[in-house]
Every structure is written in C-alpha cells, then in structure tokens.
Amino acid sequence: MRAAVKAGLAAAAIALAFGAAEATSERGGETAPKLRAGKAAYARWCAACHAPDPRLAGTLALQTKYEGAVPPALEDRTDLSPEAIAYFMRNGIAWMPPFRPTEIGDEELAAIGAYLTAPIGQRGPHAPLLAEEMMMKREDRR
Amino acid sequence: MAGVRAGALADGLAAMRAVVGADWVFSAPEELHSYRDFYSMLWDEPEERLASAAVAPANVEEVQAVVRIANERGIPLYPISTGKNFGYGGPAPVLSGSVVLDLKRMNRILEVNEGNASCLVEPGVSYFDMYRHLQETGSRLWIDVPDPGWGSMVGNALDSGGGYTAAPYRGHWEAVCGIEAVLADGELLRTGMGAMPGSQTWQQYRMGIGPCLDGLFRQSSLGVVTKMGFWLFPQPEAYLNCSVDLQRFADIEPLVDLFNELEYGNIFNGMPSITSPVLTRGNPMMFQEIPAPEEMERLVRETGLPAWRGSLTFYGPEKVIRAQWEHVKERFAPFEAAAFRENQFVRLPLSAEDLKTVSKARFGIPSMEIFAVGSRGFGDFNPSDGHIWFSAIIPRSGKGFVEANRVMRQACTRLDVPLFMFSPAVTCWTRAFVLFAAVPVYKDKDRNKALREKVLEIIRICAERGWGEYRCPPAFADAVMGSYSFNDNILRRVNERIKDALDPNGILSAGRYGIWPRHLRDGRPA
C-alpha cells in the first residue's frame with residue numbers, strides 16, 4: 001500500500017496552514033500510547049529541522065513565512081491535517097525535498113500525521129533532538 | 001529510453017517484482033516524484049534527469065538478482081544509498097530512463113569493533129543511525145559527520161564527502177577500509193583483505209594484494225557497493241580550538257605555510273580554518289574579494305578587525321594538546337602583532353551544557369542545522385528552491401588562496417552569479433584547499449538555463465588555471481570530467497576502457513561523473 005497524494009491537496013494544505021494557532025513552548029504530561037509510534041517517527045524524520053529551536057531550518061523557515069501567525073514548530077501546530085502533512089512530506093517544499101517510500105512508508109507517514117494532529121494534551125513533551133535524547137540516555141545509565 | 005528494446009523495461013520490472021516483492025518496485029508518477037533531484041538545475045525541462053522506475057532490494061542477494069535481470073535486458077540502473085546527495089544530484093539518475101536502485105532498505109550496521117575502532121555497514125545506514133547505535137551501545141567511538149546528518153556513510157564516502165573532526169577521519173573516502181560491490185554481471189567482489197576467505201583484517205589493512213581496487217568505486221559507474229568498512233575515531237580526552245590573528249596582508253603566505261607544516265607534522269590534528277575577519281564582516285559565510293594590500297591594510301586600520309585569522313583544533317589528552325598549542329604560539333611569535341586566543345576547551349564526553357554551545361559536527365554529532373542557511377540566508381530571507389555546490393581544488397598556499405579568491409569573485413561578479421556562501425579554503429582534506437561556493441537554484445527554467453551557462457564558464461575559467469572540481473552536480477559532470485584533459489583526456493578514456501570491460505552492456509550509473517558506456521558515446525572511441 002502506498003500513498004497517492006493528489007496535487008489538488010496543495011491548495012487545501014496551504015489554506016490549512018493559515019488556520020487557528022495555539023502556541024505552547026513548554027509541554028509536559030504523558031504521550032498517549034496510540035501516538036507513540038508517530039512521535040518516534042516524527043523524532044526520527046522531522047525533529048532535526050522542525051523542533052522548537054529557532055535555529056533549525058524548518059522552524060526558522062515557518063517563522064519567517066508566517067511571522068508568528070502560527071507556531072513555528074510543527075509539534076505546536078493545531079491547524080494541520082494529516083492530508084496536508086502527507087502532501088508536504090511526499091512533495092517537498094522550498095529546501096525540503098520529498099521523502100521516498102523507502103524512507104517513510106505509508107504507515108509511518110500516517111502515524112506522523114496522527115501525532116501532529118492529535119490534541120496538544122495527548123502529545124506529551126516535545127520530542128527531543130537525537131543528540132539530546134542520547135545525552136539523556138547516557139545520564140540515565142550512570 | 002536510450003538502448004533499451006521495447007518491452008524490456010516492463011518485462012524487467014516484472015522480474016524485479018518477483019525478486020523484491022511488488023511493494024518495493026515503484027513506477028507510478030506520484031511515487032517517482034520523490035526520486036527527482038529536488039535541487040535540479042534542469043527542473044521541469046526536457047533535459048531533467050528522470051527515473052523510469054525505482055526498485056528497492058533488501059539484501060545483497062536481491063541486489064545481485066536485480067542487476068542480473070537488468071544486465072540481461074540492457075536496462076540502465078542507477079544505485080543510490082540514502083539519496084540525500086542534494087546539491088550534487090540527489091536521488092535522480094544521470095541518464096534519464098534509468099531504474100533507480102534504491103538501497104535505503106539495506107540499513108544494517110553489521111559490525112562495530114571497539115578494539116579495532118572500525119565498523120562495517122550497509123549503504124542505507126545514515127549518520128543519524130550510526131550515531132544512535134554508537135551512543136545506545138555505550139561505544140567509545142566517534143563517527144565523522146558532514147553538515148547534513150541524514151546522508152549515507154557509504155554514499156557520502158563514495159562521493160568523497162568530508163566532515164570536521166581529526167585528519168584521518170574527516171576525508172570520508174580516506175577513512176574507508178574494505179568494500180563489497182556487486183558488479184554489472186551480478187558477481188560479488190570484496191576488496192582488500194575481504195578477498196581472503198577467513199580473513200579477520202578486512203577493516204584493518206586496506207590494500208590487500210596487487211592493485212588496490214577501492215578507487216574503482218569512487219564516484220564511479222562500475223559496481224553497486226553493498227558493504228563498506230570505516231575506521232572510526234576513538235573519543236579523545238579533550239578538545240581545544242584556538243586562533244591566531246594577523247594584521248598584515250603579506251602574512252597570508254607564511255600563515256598558510258606554517259599551518260601546513262604544523263598539520264603535516266602532526267602538531268595539530270583537527271580541522272584548521274583560514275579566514276579574514278575584515279573581509280567576512282557582516283556575513284561570515286561570504287568571503288569578499290581580497291583587495292590590494294594597501295586597501296586591505298586600510299580596512300584593517302579602519303575597522304580594527306584582523307586581516308587574517310587562522311584557527312586550529314586539537315583533539316587529545318589535555319596535557320598534550322595544551323603543550324601543542326604552546327608550541328604553535330612559539331612558532332607564530334615572529335609574526336608582527338600576532339594575537340592568540342583560546343576559543344573553546346571541552347573535556348569529553350560532552351556534558352548537556354557543552355552540547356548547547358559546541359559546533360556539533362566537530363564532535364561527530366549529526367544534525368541538520370546547516371539547512372537553516374536556506375531558510376533565511378544570513379540576514380536576508382533567501383527564498384530559493386535549493387542550491388548546488390561549486391567545489392574546486394585549489395593550491396594550498398597563500399598565493400593560491402588569494403589568486404583563487406580574486407579570480408572566482410571577479411568572475412562571479414562579471415557573470416552575475418548569485419551566491420549565498422563563498423569560502424575560499426576549506427580543509428576537509430589535509431593536503432588541499434577546496435574553494436566552496438553555494439549557488440541558489442530555483443524551479444524556474446529561464447533562471448536555471450542562464451545560471452547553467454554561467455557555471456560552465458566558471459568551470460572553464462578555473463580549468464584554465466588548473467583548478468578542478470572534486471565533485472559536481474550531474475548537469476556539469478561532462479564539463480568537469482572534460483576539464484581533466486591531460487594527454488587528450490586519457491583519464492576519461494581509461495575510465496571508459498575499464499567501463500567497457502567491466503560493464504559491457506553499460507547498465508550501471510551511465511554518465512556518472514562523465515563516464516559513459518560505449519553505446520552512449522556517439523561512436524567516440526575510448
């Protein structure tokens with residue numbers, strides 16, 4: 001099974017991107033069990049550019065593009081749809097190339113979409129960047 | 001499609017589906033979109049290099065079967081590792097109509113040997129994957145990473161990419177020890193000590209016996225690399241970065257010569273840099289044209305910024321690297337008004353606090369931070385759709401540094417080549433400077449067409465002076481290979497003879513780095 005995202009979604013995706021926004025810089029709580037696979041996939045494929053750090057490419061690009069009308073970090077967005085997320089991941093935008101089906105399968109793509117569109121309260125804390133995650137694991141081992 | 005008989009592709013894809021499974025052969029337009037070079041300078045033009053299909057084997061046996069199917073039918077294949085070679089071609093083939101052989105699913109880390117400080121990996125292993133593995137297993141070893149961490153260790157080494165740590169590791173091809181490759185007839189070759197059954201030294205001694213064949217696979221079209229060994233960097237005790245500022249224009253030549261002596265004499269082992277604070281004021285990524293000596297010294301006086309800054313990096317025990325830095329300072333004492341500075345000292349492993357302040361790549365930590373330059377540029381929003389790299393090897397001397405800067409800067413100004421990064425002397429390789437220039441590209445045919453002509457002119461200008469690119473996007477591969485023209489282009493002709501011998505049907509990576517199989521050479525003999 002593979003994604004066949006239609007080009008017609010582009011307009012919908014762009015329209016959605018201007019929807020209501022809810023900014024949250026710090027988040028806690030537990031990640032809902034049904035979202036954990038999507039969150040891990042987000043951490044693996046998206047966080048390196050889209051985590052809430054203004055120096056990162058995706059976060060900086062979205063801050064520049066929307067000038068704060070929506071939160072610049074994807075994990076803080078409440079206005080996205082799974083279709084819009086799938087469209088951008090399979091078609092690319094600006095410097096972000098499309099992701100191939102050998103990199104992100106349709107199941108993983110859907111899980112990322114589910115995570116980034118779940119109610120904020122179910123998402124738990126922001127996914128860590130890889131280096132931070134490894135640092136936490138190392139400190140846990142001590 | 002060039003040279004493929006009618007029905008052969010459909011028949012071949014059916015046979016490939018039987019090998020890898022129907023889910024791993026892609027031929028629908030929306031699937032193949034992700035195999036386009038998103039940074040192509042030929043985007044949407046008839047000449048854009050497009051795949052006819054993609055096939056993704058899971059193991060070596062499947063690669064061999066797919067290659068045999070293609071060889072029997074004359075179907076061109078284009079292997080990619082993780083397909084992230086953006087700026088130099090991305091996941092797209094060089095020859096349109098090729099079937100991309102996508103090796104991303106082959107992502108096993110086969111061995112990490114702590115005692116030997118080495119690893120053996122498949123082509124789908126990214127720098128992120130390897131870093132995670134080393135950290136989670138408590139390894140004391142470092143990888144060397146390029147700026148974007150999503151790339152393949154194997155792919156980046158095969159394309160001769162580079163990173164930022166110590167000298168034996170930051171030239172990624174130079175850190176390779178042992179290759180396994182599937183040849184065009186489906187046979188499996190192992191280089192070096194891997195050719196000896198039962199050898200335990202594949203990742204220890206690179207050469208084996210007789211001619212060293214590793215080079216056949218660098219930037220090549222002769223095989224599908226399915227395993228590669230690397231030497232890894234044992235984590236040092238400490239890191240020290242220091243710099244020396246110099247005030248006079250004439251200091252550049254003795255500065256480069258002394259840095260060379262100190263690096264080649266193993267006084268420092270990390271990546272050095274030579275820049276000009278006065279000529280990069282405002283934007284550290286854009287080195288301005290080096291003016292006449294008196295003008296440069298006037299700027300130095302007016303701004304209070306140094307003419308030159310040489311930075312050195314040391315990895316090792318604290319006692320040793322501090323002594324090495326003391327020695328460097330003694331050697332620079334004869335320079336008039338030399339100013340020394342310790343920029344950063346860090347004990348390893350990094351603490352959580354250190355992680356916030358260090359340049360991650362200098363510690364073998366993969367990230368994607370570099371891509372921020374495309375989000376906003378430096379100061380101005382830069383809404384380009386991608387970029388290509390111009391990467392010429394220039395002489396590692398003060399004279400070479402100044403001349404290459406001036407020639408390139410003047411040419412880019414005269415030709416109106418847009419740049420968002422210009423760095424005259426990058427030192428991924430210890431014995432050479434690479435002049436890097438990053439050119440923004442757009443999904444705009446007219447702009448790209450004009451830009452291609454300009455880049456071809458830059459290639460010609462550099463070649464006249466003996467400056468050759470070490471790597472380039474496919475749109476310029478023929479021109480760059482053509483510029484290596486000693487003895488009527490014998491380099492290319494010998495490569496073609498080898499190509500004809502090892503891949504007589506010309507199925508692998510046709511056109512890669514300007515090497516074409518016989519049937520695509522327009523009758524020209526090798």
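Chain A is the first sequence line, chain B the second, and so forth, proteins listed ahead of strands; every chain is numbered from 1.
- Not a single salt bridge (Lys or Arg N to Asp or Glu O under 4.0 Å) links B:R447 to another residue, sequence neighbours left out.
- Ring geometry, A:F99 versus B:W150: the interplanar angle exceeds 60°, so the pair is classed perpendicular (tilted spans 30 to 60°).
- Counting non-hydrogen atoms of other residues, nucleotides and ligands closer than 6.0 Å to CZ of B:R17 gives a total above 12.
- Here the CG atom belonging to A:N91 is positioned 9.5 Å from the CD atom belonging to B:E30, to the nearest 0.5 angstrom.
- Contact record, A:P98 with B:K84: O-NZ, 4.4 Å, taken as the closest heavy-atom pair.
- In this structure, NZ on B:K360 lies 7.0 Å from CG on A:L129, to the nearest 0.5 angstrom.
- Between A:A48 and B:F128 the shortest heavy-atom distance is CB-CZ, 4.0 Å.
- Ion pairing between a basic and an acidic side chain is recognised when a charged N comes within 4.0 Å of a carboxylate O; B:D129 and A:R44 show such pairing.
- Looking at B:P91, only its side chain comes within 4.5 Å of chain A, counting heavy atoms on both sides.
- Scored by the ring-ring contact (aromatic ring centres under 6.0 Å, His included) test, B:F390 finds no partners at all (sequence neighbours excluded).
- Between chain A and the options B:G90, B:P366, B:P349, the largest number of non-hydrogen pairs under 4.5 Å is found for B:P349.
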**Report entry** Pair A:W95-B:Y442, ring pair (Phe, Tyr, Trp, His ring centres under 6.0 Å): steps then yes or no
**Finding:** CA-CA 10 Å; A:W95 276 33; B:Y442 299 90; over 10 Å; no
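- For the pair A:R90 and B:S34, the minimum side-chain heavy-atom distance is 4.5 Å or more.
- Closest approach of B:Y35 to A:P101, counting heavy atoms only: CE1-CD, 4.5 Å.
- A:L130 has its side chain within reach of B:Y131: a pair of non-hydrogen atoms, C-beta onward, lies under 4.5 Å apart.
- Using a 4.5 Å heavy-atom threshold, the side chains of A:L56 and B:F371 count as separate.
- Counted within 6.0 Å of CD on B:E61, heavy atoms from surrounding residues, nucleotides or ligands total more than 12; the atom is thus considered enclosed.
- Looking at B:S351, the atoms closer than 4.5 Å to chain A (heavy atoms on both sides) all sit in the backbone: N, CA, C or O.
- A:R100 is linked by a salt bridge (Lys or Arg N to Asp or Glu O under 4.0 Å) to A:E103, B:D102, counting only residues two or more places apart in sequence or in another chain.
- The two residues B:I365 and A:A131 have their closest heavy-atom pair at CG2-CB, 3.6 Å.
- For a residue to count as touching a neighbouring chain, one of its non-hydrogen atoms must lie under 4.5 Å from one of that chain's; by this rule B:I80 touches chain A with the side chain only.
- Contacts with chain A (heavy atom to heavy atom, under 4.5 Å) involve these residues of residues 132-145 of chain B, listed by number: B:R132, B:Q135, B:E136, B:G138.
- Atom NZ of B:K443 sits in a crowded spot, with more than 12 heavy atoms from other residues, nucleotides or ligands closer than 6.0 Å.
- The choice from B:E369, B:M368, B:H33 that makes the most heavy-atom pairs within less than 4.5 Å of chain A is B:H33.
- Closest of all the heavy-atom pairs between A:M96 and B:F38 is O-CE2, 3.2 Å.
- Only the side chain of A:E139 comes within contact range of chain B, with heavy atoms under 4.5 Å apart.
- When all heavy atoms of B:A56 and A:T102 are compared, the closest pair comes out as CB-CG2, 3.5 Å.
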